[in-house]
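To keep things clear, I will list the structure first and then write my remarks on it.
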Amino acid sequence: MSTLTISDLQVSVETDQGAKQILRGVDLTINEGEIHAIMGPNGSGKSTLAYAIAGHPKYTVDGGSITLDGEDVLAMTVDQRARAGLFLAMQYPVEIPGVTNSNFLRTAKTAITGEAPAIRGWIKEVRDSMGKLRMDSSFAERNVNEGFSGGEKKRNEILQMELLKPRFAVLDETDSGLDVDALKIVSEGVNRAMAATGLGILLITHYTRILRYITPDFVHVFVAGRVAEEGGPELAERLEDEGYDRFLPEAVS
Amino acid sequence: MTESTATSPARGLATPDGNTAVEVTGTGTRPSIISDATNRHGAVPVQTRNARFTSADVADFPEVTGREANWKLTPVDRIRDLLDGPLDGSAYSVVAQPSDGVDVRWVPRTDPRIGLAGIPEDKASANAWSSFGTALAITLSGEEHTELVVGRSEFGTLPRAAHTLLEAKPFSDSLVVLDNTGSAALVENLEILVRDGARLTLVTVQDFAEDARYVASHFAQVGRDATFKHVVVSLGGSVVRVNPSVTLADTGADGELLGVYFSDAGQHLEQQVFLFHKAANTRGRVNYKGALQGAGARTVWIGDVLIGPEASGTDSYEQNRNLVLSDGTRADSIPNLEIETGDILGAGHASATGRFDDEQLFYLQSRGIPEEEARRLVVRGFLIDIIQRIGSAALEERLTAAIEAELARDDR
């Protein structure tokens, strides 16, 4: 069984005013087959954690470690991390003009498995996954994310997760901006991937809404760059009732 | 020209060391006179773009100093011999497969079509015009779509003049590729007559040897209800300057002017495009895209669009985009728009020169795609949208491969 271990992670981001520390010592252990929800108010460092795991160049790791089955993830390039089995579903997926989705998916699959997928099986797999995510087949020939609506971009992220079959996926606010129908479709996709490959999931969200469709095993509350509280699914319910107020001293008064 | 003179809102977007990324967009739907931006700093009087001095005689042009509006961005010293030195105007080797409705032959200077499409505006062009002995004439007459590839690879290393005439007869439908490779020290005038109702796509590929120098002027007249697609692909050569002037001369004429270029270390690739909406109800699109990579890689794009006083109902848009892939490159991008009638459908221009988008790179890499391959995908994607508009699958494939080869060069 694979394990993704994050220990005492400290991360800063380059801003116009200089480096700003965001994560102040994060500890998390995720096993394959587990769903961990990371919740927290705006600015608590949730997305920074996602980008730090994926290796975005804007974020600097100042201390701590991330390991995947003992392998040092922080020593890997962005693409090496993906090939090692990590996946980030982005909050704002990037548009790539002139590159079709199907070319992109095939190129990524080839890079991750080390060989080109057999054409017929692959085309069917892509078509099936797109069908389940209610994506029209025309999305295969459109340029990556270009002209996609917000919901279509998020579905395209889940499509990639289903096809690339990572061992661990970080879903960065995949639920934000989705209407309830799209939210259900995306959630079904996540649950389907879970059933198919038993991957470990780090579900980053601001709202408890998506947790009605994807049941977490663990809930971690992020405040000011640290895990402030941890628990089971019941913690999410409590947050739904109370909000984040009790974690925010300035909001109490 | 009417009431006043305004400074052009368009600016040259240089990226010394690739540090600047500026986007300028604008639309001009009001009647206004906009000066040629390249003139505005000097004492040169404001001049409508089609009012430049023209002559087919090289002696009529003063010596080129390199300070003239149409030479100041060109490395004049590298092409001095082509500007006013002696040029060999004899025939050269051409490879073409004539078919039904396609005629390729050498014609004398006295061919009545010569000079109908345009007259030189600069000394190099006039030098070639004064020097050529025989012209290569391609005449297209088939109403069924035909494709012709003209291979030209033996211009040699000595200074040479060429004159080429392309006539698309009324209602003909053709795609012509002038495929230029090998060595060259060449000045060429290319005259294009797109007769009424004709459909012509002309692609010139400049994929010369590394030391080649090529200065070309294209003159096109597009007739009533004719459709002309003009594509400039510049990849190889030390100095390559292709200046197309296209006149939408009669009602309903449609001009699509496309360009794609990839400049490597030390390469100078230039295009000064002029689109003249002379008649009413014409449609024009200018779209050039370029990439720069390697120390001293240099590109120049000047896009002049003139909507004349008779050109009511004009629909026009021009844009240039440059992708800077490494430090030490410079891209000049200067769109100019002059409008002499208020009664148009629309006119606009856009120019952007920017660095490689790191977010795109991160996105692709986060899906396991190695950095080099990710860069290739992004650059290819950036340029492919021009190539896909050419409308020839075989050519698309070849040009895509040529761009891949440029990207694979390890001179960043």
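Chain letters run A, B, ... following the sequence lines, proteins first and then strands; every chain starts at 1.
Of the two parts of Q388(B), neither the backbone nor the side chain holds a non-hydrogen atom closer than 4.5 Å to a non-hydrogen atom of chain A. With a 4.5 Å cut-off on non-hydrogen atoms, N145(A) touches chain B through its side chain but not through its backbone. Contact annotation for P93(A): both backbone and side-chain heavy atoms come within less than 4.5 Å of a heavy atom of chain B.
Listed here is the closest heavy atom pair of F362(B) and A54(A): CZ-CB, 3.9 Å. Nearest approach of P370(B) to A111(A), heavy atoms of both residues: CD-CB, 4.2 Å. I369(B) and D79(A) get closest at one heavy-atom pair: O-CB, 3.4 Å. Across all their heavy atoms, E359(B) and V94(A) have their closest contact at O-CG2, 3.8 Å.
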Apply side-chain contact (heavy atoms from CB on, under 4.5 Å) to the pair N103(A) and L377(B), showing each step before the final yes or no.
CA-CA 10 Å; N103(A) 181 18; L377(B) 272 177; 3.8 Å; yes
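Interface remark: of the candidates T107(A), V144(A), T100(A), T107(A) forms the most heavy-atom pairs closer than 4.5 Å to chain B.
Summarising the local packing, CZ of R298(B) is surrounded by more than 12 heavy atoms from other residues, nucleotides or ligands at distances under 6.0 Å. Summarising the local packing, CD of Q21(A) is surrounded by more than 12 heavy atoms from other residues, nucleotides or ligands at distances under 6.0 Å. Residue-environment remark: CD (E404(B)) exceeds the threshold of 12 foreign heavy atoms within 6.0 Å.
Atom CZ of F104(A) is separated from atom CG of L364(B) by 5.5 Å, given to the nearest 0.5 angstrom. In this structure, the separation between OG on S366(B) and CE on M90(A) is 3.5 Å, given to the nearest 0.5 Å. Put simply, OG1 on T77(A) and CD on E371(B) are 8.5 Å apart, with the number rounded to the nearest 0.5 Å.
Ring centers of Y363(B) and Y92(A): at least 6.0 Å apart, outside the cut-off.
Side-chain N or O atoms of Q360(B) include one that pairs as donor or acceptor with a backbone N or O of E95(A) at under 3.5 Å. Of the possible polar contacts, none joining the R367(B) side chain to the A108(A) backbone as a donor-acceptor pair under 3.5 Å is found.
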